[in-house]
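Working notes for the structure below.
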Amino acid sequence: MATAHIAAEPGDFAPAVLMPGDPRRAERIARTLMPDARLVTDVRGMLGFTGTVDGKPLSVLGSGMGMPSITIYAHELFAQFGVQRIIRVGTAGGISPQVGLGDVIVAVGAHTDSNMNQQRLAGLHFSAVASFELVRAAADAAVAGALDGQPTHIGMIMSHDHFYLPNSDPGWLPRLAQYGVLGVEMEAAALFGVAAEFGKQALAVLTVSDLLFDTAAQMTSDERETRFAGALRLALAAAHC
Ligand code: HPA
């Protein structure tokens, strides 16, 4: 039965779902990985596809940008469509000096300035962590050479609410870097919270698309695609572990 934001039927989604922010990227991922991909939902242009990779079922659905948006889709997937694991595949701004443009980050957990998770547990400072099993599968794939030498970092990220915040404290990024945070994005902490609510699994595999301390650093569009393909291989290893 369709939900408020997903016009699909029970059984239309695979147990594992990859979630990029951009629905057009969801379509590109689906068509690249799955010759048998079929469209299962397109409410509000948020495209979702299901097919198989090497005989194993997989779905890909856009999440939109920000924690409220990914929370809506993840909630409906877990609650109504039998989904067991969601792997966010997206981009992050690098903040750690160890992180370079195009590197891959496997997030073990996400600090956040959002209070979406606190609202779940009456003000408790919830620790938003990824599924250990999925982290291990992605890490094992990286160690086994899935990325062809592309650097991979496994550690903490920060999920923030504001992409543009002109009056923010200019010191917070260096402080986060000092505390070992690798990069900044806008969805993972909430995704980890929804997965915990439903007793399901979640992971975020991120490609570093820009460096917040070096705004001149840019990737070509070719680099973006090849680097993103590397992250996708780790995400697939987690999806089907
Ligand atoms: N913030 C800053 N830079 C970024 C982000 C973000 O959320 N995502 C990718 N680059």
Side-chain angles (χ1 to χ4, degrees), residues 18-26 28-29 46 61-74 86-117 128 130 138 147 150-194 202-232 234-235:
L18 302 187
M19 291 194 95
D22 175 358
R24 290 277 165 221
R25 191 176 281 280
R28 281 205 299 282
I29 293 170
M46 199 56 81
L61 173 67
S63 70
M65 288 180 281
M67 288 184 259
S69 185
I70 197 166
T71 296
I72 288 170
Y73 294 107
I86 295 177
I87 295 123
R88 164 165 156 68
V89 282
T91 56
I95 59 170
S96 162
Q98 299 148 19
V99 167
L101 210 55
D103 290 4
V104 172
I105 297 174
V106 176
V108 298
H111 306 296
T112 187
D113 58 5
S114 155
N115 70 353
M116 289 190 77
N117 285 329
L147 286 188
Q150 185 176 343
T152 307
H153 309 267
I154 299 172
M156 292 297 292
I157 57 166
M158 151 82 174
S159 304
H160 61 161
D161 270 337
H162 283 272
F163 191 88
Y164 300 107
L165 188 57
N167 299 324
S168 67
D169 171 357
W172 73 266
L173 279 178
R175 268 202 302 280
L176 282 175
Q178 185 195 336
Y179 276 67
V181 176
L182 300 167
V184 180
E185 55 81 84
M186 303 189 74
E187 289 82 17
L191 172 62
F192 297 161
V194 192
L203 179 68
V205 182
L206 307 163
T207 309
V208 175
S209 59
D210 50 275
L211 300 177
L212 300 194
F213 296 131
D214 179 4
T215 46
Q218 300 265 339
M219 272 193 292
T220 64
S221 52
D222 275 1
E223 279 169 337
R224 275 178 193 272
E225 284 311 312
T226 45
R227 295 303 181 104
F228 192 79
L232 209 50
L234 299 194

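Numbering of ligands and ligand atoms starts at 1, following listing order.
- Side-chain atoms of E185 and I105, non-hydrogen and from C-beta on, never get closer than 4.5 Å to each other.
- Each of the following atoms of ligand 1 lies closer than 4.0 Å to a heavy atom of H160: 1 (N), 6 (C), 7 (O).
- Residue contact check for ligand 1: V208 places no non-hydrogen atom closer than 4.0 Å to it.
- Distance check, rounded to the nearest 0.5 Å: CG of L147 to CG of L232 gives 10.5 Å.
- With rounding to the nearest 0.5 Å, the separation of CD1 in I86 from CG in L18 is 10.5 Å.
- Proximity to S209 (heavy-atom distance under 4.0 Å) selects the following atoms of ligand 1: 9 (C), 10 (N).
- Atoms of ligand 1 found under 4.0 Å from any heavy atom of L212 (numbered from 1 in listed order, with element): 2 (C), 3 (N).
- For atom 5 (C) of ligand 1, the closest non-hydrogen atom of the protein is V184 O, 3.6 Å.
- Between G93 and ligand 1, at least one N/O pair is under 3.5 Å apart.
- No side-chain heavy atom of F192 sits under 4.5 Å from any side-chain heavy atom of N117.
- Close approach to M186 involves these atoms of ligand 1, each under 4.0 Å from a residue heavy atom: 7 (O).
- Nearest heavy atom pair, residue M67 against residue S114, reads CE-CB, 3.4 Å.
- Taking 4.5 Å as the limit, some side-chain heavy atom of W172 sits within range of a side-chain heavy atom of H160.
- Nearest protein neighbour of atom 10 (N) of ligand 1, counting heavy atoms only, is D210 OD1, 2.8 Å.
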